Trainee: 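I have a structure I would like to understand better, so I am pasting it below and will then ask my questions one at a time.
Note that the structure is a prediction, hence the values are computed from the model and not measured. Here, residue 1 is the first one in the sequence, and each next residue gets the next number.
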Amino acid sequence: MSSADRPGATGLRRDLVLLLVLGAVLFGAGLGMRDPWPADEPRFALIARDMAASGDWLFPRVGGDLYQDKPPVFFWAIAGLHALTGELRLAFLLPSLLAALGTLLLVYDLGRRLWSREAGLASALLLAVSLQFVIQARAAQIDMLLTLFSSAALYGIACHLLAGPDWRAYAAGGFAAGLGVITKGTGFLALLLLLPFFALRRLGFGGLWRGQGGARWWLAPAAALLAIACWFVPMVATVALSGDPALEAYRDELLFKQTVTRYASAWHHHEPWHYFIVSVIPGLWLPGTALLPWLVPGWREAWRSRDGRPWLFLGWVLLVVAFFSASAGKRGVYVLPALPAFALACGPLLAGMAARRGLQAWVFALTGALV
């Protein structure tokens, strides 16, 4: 029997087909049948169209004016797909759709590697039906592409931290984090996975790689800087050589006001510190948050048994929420990249929970209420 014919390979193929079909139905229904919706989608679509038409891939522009609010990777994605499909009405939504499908596959494979095929599938299915994930997968917003890069970074780094040593995966994860930075500045947050890792290892948790990396721990940050440099170095060099005050203003606005100032002294979207905890996560992370009465005891048992695998992801989720909660400016979509990690922490518990009658009754009641 060849490796491709083994029952495990058959099950893997079935899982992948299930996830891709489910994702295509949930995220892709109506693709190409609507125009961009205000406020952001029309602007993003026009930036990408003008970028492809002008051939200026370094500096996004809208109506001829430089657009300094966001780095260019999302616009590259729309422009490239527009060139491939020839239809902007289709291309402007494709990056989010493809990023959502890619994120599902990453979550499935990481859960499968760290726990079991069942755990990986449960994690990916939970993510696929999570309200915030579905909403953003169907919208032409930057955040789903950022979530893909953040999930790829978590995948590579976690493969090393939990199933290592795998320094190549660790460095690849850092590179993905760097791509996240030039998609939307907060892509670096994936590197903070190291903080709960070292904290849990110091507390004696199992399931964690126990080796000593020395200077090789810098591989992921170095790879992240390399990815950032792919756009940053040509952009800065072009600005320096141009002597154009408009380009200099673009550089300074993007690097300082839209990053440091936007976080430290936000000028809009002001919300209280508990905004994500009270107003965003309980509703937008459904159905996972509705399962917390059953999930929390499982996580508590994992803590008591010193199983570091779910707590590595939960610790990172807490860090991400704390990071954004510390800024005065908040939007619900900011915590989207943490949702796949939350789903991964849930996956190992979900298969055993499915047979509980209390849980079945709760899911039935919740479904009826939502319908």
Side-chain angles (χ1 to χ4, degrees), residues 103 106-124 126-127 130 147 149-174 176-177 180 186-213 216-217 219-221 223-224 281 285 288 291-292 295-324 335-351:
T103 302
L106 287 168
V107 166
Y108 167 74
D109 195 56
L110 185 56
R112 181 181 67 87
R113 290 174 182 271
L114 298 180
W115 286 284
S116 66
R117 175 192 156 205
E118 292 76 15
L121 183 60
S123 297
L126 176 63
L127 180 62
S130 294
T147 299
F149 290 132
S150 295
S151 298
L154 290 180
Y155 181 98
I157 296 171
C159 279
H160 172 67
L161 300 182
L162 297 175
D166 191 340
W167 293 105
R168 289 184 180 181
Y170 176 70
T186 54
F188 73 91
L189 289 173
L191 298 174
L192 298 185
L193 193 66
L194 291 169
L195 297 181
F197 168 76
F198 284 116
L200 290 168
R201 201 166 76 163
R202 186 176 182 84
L203 290 172
F205 276 70
L208 309 172
W209 182 62
R210 309 300 300 186
Q212 302 298 319
R216 284 183 292 183
W217 287 116
L219 282 173
I281 292 174
W285 285 19
L291 302 176
L292 286 175
L295 291 167
V296 170
W299 291 332
R300 188 185 301 121
E301 180 57 33
W303 183 274
R304 289 171 179 166
S305 63
R306 290 297 191 261
D307 183 356
R309 292 172 298 174
W311 280 101
L312 179 67
F313 297 110
L314 288 172
W316 186 74
V317 170
L318 293 174
L319 278 175
V320 171
V321 173
F323 175 84
F324 288 115
V335 295
L336 176 66
L339 184 52
F342 174 76
L344 277 166
C346 296
L349 302 174
L350 291 177

Trainee: Apply the test side chain to side chain contact (heavy atoms under 4.5 Å, CB included) to residues I157 and W316: give CA-CA distance (whole Å), side-chain angles for both, the deciding distance (0.1 Å), then the verdict.
Mentor: CA-CA 12 Å; I157 296 171; W316 186 74; over 6 Å; no
Trainee: Rounded to the nearest 0.5 Å, how far apart are CG of L127 and OH of Y108?
Mentor: 14.5 Å
Trainee: Side chain to side chain contact (heavy atoms under 4.5 Å, CB included), that's the test. Do L339 and V317 meet it? Break it down for me.
Mentor: CA-CA 8 Å; L339 184 52; V317 170; over 6 Å; no
Trainee: Which residues satisfy the ring pair (Phe, Tyr, Trp, His ring centres under 6.0 Å) test with F313, sequence neighbours excluded?
Mentor: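 F313 satisfies ring pair (Phe, Tyr, Trp, His ring centres under 6.0 Å) with no residue once adjacent residues are dropped.
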Trainee: Taking side-chain contact (heavy atoms from CB on, under 4.5 Å) as the definition, give me every residue that meets it alongside L318, ordered by chain and number, with sequence neighbours left out.
Mentor: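 L318: no side-chain contact (heavy atoms from CB on, under 4.5 Å) contacts found.
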Trainee: Is F198 close to L208 at the side-chain level, that is, under 4.5 Å between some pair of heavy atoms?
Mentor: no
Trainee: Mind checking what makes side-chain contact (heavy atoms from CB on, under 4.5 Å) contact with A224, not counting sequence neighbours?
Mentor: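 With neighbours one apart ignored, the set is L191.
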Trainee: Salt bridge (Lys or Arg N to Asp or Glu O under 4.0 Å): which pairs involve residues 301-321, sequence neighbours left out?
Mentor: D307-R309
Trainee: Angle class for the W285/F342 ring planes (parallel below 30°, perpendicular above 60°, tilted otherwise)?
Mentor: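 Ring orientation, 0 to 90° scale: tilted.
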Trainee: From L314 CG over to L319 CG, what is the distance, rounded to the nearest 0.5 angstrom?
Mentor: 11.5 Å
Trainee: Can you tell me how the ring of W209 sits relative to the ring of W167, calling it parallel under 30°, perpendicular over 60° and tilted otherwise?
Mentor: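 The rings of W209 and W167 stand perpendicular, inter-plane angle above 60°.
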Trainee: Could you please spell out the steps behind the side chain to side chain contact (heavy atoms under 4.5 Å, CB included) verdict for F197 and L193?
Mentor: CA-CA 6 Å; F197 168 76; L193 193 66; 5.8 Å; no
Trainee: Can you tell me how far apart CG (L194) and CG (L312) are? Round to the nearest 0.5 Å.
Mentor: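 Atom-to-atom, L194:CG and L312:CG are 9.0 Å apart.
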Trainee: Is any side-chain heavy atom of T103 closer than 4.5 Å to one of Y155?
Mentor: no
Trainee: Are the aromatic ring centres of Y170 and W217 under 6.0 angstrom apart?
Mentor: yes
Trainee: Check whether any side-chain heavy atom of P196 lies under 4.5 Å from a side-chain heavy atom of F205, and answer yes or no.
Mentor: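 The answer is no, as the side chains (C-beta and beyond) never meet within the 4.5 Å cut-off.
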Trainee: Would a 4.5 Å heavy-atom cut-off, applied to side chains only, mark W299 and L349 as touching?
Mentor: yes
Trainee: Looking at S150 and G187, would you say the former's side chain and the latter's main chain have a donor-acceptor pair under 3.5 Å?
Mentor: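 Side chain of S150 to backbone of G187, a donor-acceptor pair under 3.5 Å: no, none is there.
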Trainee: Can you name the side chain to side chain donor-acceptor pair (under 3.5 Å) partners of W311, sequence neighbours left out?
Mentor: none
Trainee: Considering residues at least two apart in sequence or located in another chain, which fulfil the salt bridge (Lys or Arg N to Asp or Glu O under 4.0 Å) criterion with R112?
Mentor: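 With sequence neighbours excluded, R112 shows a salt bridge (Lys or Arg N to Asp or Glu O under 4.0 Å) to D109, given in chain and number order.
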Trainee: Test side chain to side chain contact (heavy atoms under 4.5 Å, CB included) on L350 and L291 and set out the steps.
Mentor: CA-CA 9 Å; L350 291 177; L291 302 176; 3.8 Å; yes
Trainee: Is any side-chain heavy atom of L114 closer than 4.5 Å to a side-chain heavy atom of L110?
Mentor: yes
